[in-house]
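Predicted model, so just to flag it, every value in this text is computed and none were measured. Hydrogens, waters and symmetry mates play no part in the numbers below; they use all other heavy atoms, side chains included.
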There are 2 protein chains.
Amino acid sequence: MTFQYEYPHPAVTTDIVIFTIHDERLELLLIKRKSEPFRDQWALPGGFVEINEDLERCALRELAEETGLTGIYLEQLYTFGEPGRDPRERVISVAYYALVPPDRIGNISAASDAREVGWFQLDSLPPLAFDHKQIVGMAHRRLSAKLNYSTIALQFMPEKFTLGDLQKVYECILGEKLDKRNFRKRVMTLDCIKDTGEYRRNGSYRPARLYAVKTPGHVEFVR
Amino acid sequence: MTFQYEYPHPAVTTDIVIFTIHDERLELLLIKRKSEPFRDQWALPGGFVEINEDLERCALRELAEETGLTGIYLEQLYTFGEPGRDPRERVISVAYYALVPPDRIGNISAASDAREVGWFQLDSLPPLAFDHKQIVGMAHRRLSAKLNYSTIALQFMPEKFTLGDLQKVYECILGEKLDKRNFRKRVMTLDCIKDTGEYRRNGSYRPARLYAVKTPGHVEFVR
DNA sequence: CCAAAAGTGTTCACCGTACACCCATGA
DNA sequence: TCATGGGTGTACGGTGAACACTTTTGG
């Protein structure tokens with residue numbers, strides 16, 4: 001079966017930059033391509049938008065197919081449509097980025113049907129297919145900028161976490177150390193997390209208070 | 001001639017929110033549709049992306065077709081792709097917004113080949129076709145936000161302008177009065193405009209200094 | 001001399017930043 | 001008792017916000 005149009009239509013895909021935090025590093029999920037072009041190269045998860053599928057729903061579907069996860073923070077990033085970005089045909093890609101709390105990452109490879117997937121540290125990525133390096137760069141800049149005027153970082157946190165955990169998330173995204181006292185003061189004035197009353201015993205050392213996010217979702221423009 | 005695909009492809013358009021300032025009001029350009037759907041309703045300028053045409057170039061082309069203008073500030077806004085937003089077929093629209101200095105608006109209707117076009121005040125728009133009201137709303141929010149951390153407002157200014165002119169641009173976009181002294185102080189510290197040494201005699205009253213933008217383009221993150 | 005817009009400084013409150021020490025725990 | 005990360009407060013400087021009067025011109 002074929003589909004006919006009076007004028008040529010581009011193909012439309014969504015690509016997703018799926019971020020997580022692991023070992024105090026910002027990481028993202030890549031997939032090894034099994035076919036041309038860019039065969040055996042790593043690429044962002046993504047795929048064609050179905051003809052009756054909403055763009056965001058398409059991105060959520062891709063996310064679920066690759067990770068098995070639902071209920072993840074997702075935001076549209078930018079639309080890349082330069083002719084020639086895909087050597088096969090004209091492909092316009094609506095890029096999204098997603099933030100996955102580390103504790104929700106189960107067995108990724110089980111969810112992705114026999115495709116080779118892997119998490120990569122942002123600062124040591126392999127060569128990427130298409131213009132995906134550019135997409136990743138923009139996603140990282142957007143994420144970094146949002147740390148400063150929103151509570152988006154809470155999307156990376158598990159149900160219970162310490163202030164030290166949260167600070168490390170900021171630090172590895174921004175790529176710089178932050179002052180502990182100033183950080184805590186600022187987080188507290190945001191009034192977006194609550195003390196659970198519990199403590200985490202980290203094997204050794206003084207136990208740390210455990211906090212939880214007060215309201216699901218995140219708040220923009222907190223400054 | 002027809003074009004065949006193995007899978008259905010959506011149509012892709014760009015729509016542009018073309019802003020200008022007129023009579024101390026924020027206005028945008030609309031076009032009256034001559035065909036179904038939404039026949040005789042007002043809509044944003046826009047059109048289909050040609051198969052080998054870059055998205056931004058498509059938006060620039062639409063802008064030139066409707067206004068005859070080139071060299072105008074243009075920025076991608078968001079991509080709208082909800083199925084059903086166009087009743088004919090699946091249409092994904094990459095929305096842009098453009099800022100036109102009032103002195104560059106010549107005879108718009110001459111440029112647009114016999115189509116009915118018009119400038120409308122943002123706060124008294126007619127009913128719009130498709131989801132264009134939503135697009136306009138997002139464009140206005142983006143523009144308002146950018147006033148606070150960039151020098152984007154300079155894109156609206158003619159070659160020479162007074163500080164009062166510039167303040168009125170801020171005021172009509174933000175929808176609130178600003179303090180004259182604080183405004184001037186802030187603009188001066190940005191160091192983005194220069195004194196031309198000339199004055200404008202407004203018919204009566206004290207003449208105002210004329211300024212010009214120092215560097216073309218605009219600066220992000222001035223705070 | 002009157003009307004109207006242009007132009008100009010100071011004060012205050014708040015916030016971001018710099019900075020150093022004690023605490024609780026397990027080994 | 002020691003090693004390690006958890007937890008806390010103050011002082012300073014810069015910036016945004018509030019606020020009123022003089023100047024210049026044309027009528």
(message) In this structure, how many angstroms lie between the C1' atom of D/dA17 and the CG atom of B/Leu178, rounded?
(response) 12 Å
(message) Counting only side-chain heavy atoms from C-beta out, which of D/dT23, D/dA18, D/dG6 sits nearest to A/Arg206?
(response) D/dG6
(request) Measure distances between side-chain N and O atoms of B/Lys185 and base N and O atoms of C/dT10, and say whether any donor-acceptor pair falls under 3.5 Å. (result) yes
(request) Nearest whole angstrom, please: distance from the C1' of D/dT25 to the CZ of B/Arg209. (result) 15 Å
(message) Looking at every non-hydrogen atom in both residues, tell me the closest pair between B/Asp165 and B/Arg200 and how far apart they are.
(response) OD2-NH2, 2.8 Å
(message) Need one value for A/Arg184: base, sugar-phosphate or nothing, where a base atom within 4.0 Å counts as base even if backbone is also close, heavy atoms only.
(response) base
(message) In whole Å, I'd like the distance from the CE atom of A/Met188 to the C1' atom of D/dG7.
(response) 10 Å
(request) Check B/Thr162 against B/Leu210 and note the closest heavy-atom contact, atom names and distance. (result) CG2-CD2, 3.9 Å
(message) What is the separation between atom CG on A/Asp179 and atom C1' on D/dG6, rounded to the nearest whole Å?
(response) 14 Å
(request) Quickly work out the A/Arg186 CZ to C/dC15 P distance and round it to whole Å. (result) 13 Å
(request) Identify the residue among B/Glu66, B/Glu56, B/Glu53 that makes a salt bridge (Lys or Arg N to Asp or Glu O under 4.0 Å) with B/Arg61. (result) B/Glu53
(message) Quick check: closest heavy atoms across B/Ser93 and B/Asp15, and the distance to 0.1 Å?
(response) OG-OD2, 2.7 Å
(message) Between C1' on D/dT22 and CZ on B/Arg181, what's the gap in Å once rounded to a whole number?
(response) 12 Å
(message) Can you identify which nucleotide, out of C/dT25, C/dA4, D/dG7, has its nearest atom closest to the A/Lys180 side chain?
(response) D/dG7
(message) Nearest to the B/Asn182 side chain among C/dA4, D/dT25, D/dA17, which nucleotide is it?
(response) D/dA17
(request) Starting from C1' on D/dG6, measure out to CZ on A/Phe161 and report it in whole angstrom. (result) 16 Å
(request) Specify the separation, in whole Å, of atom OH of B/Tyr205 and atom P of D/dG26. (result) 12 Å
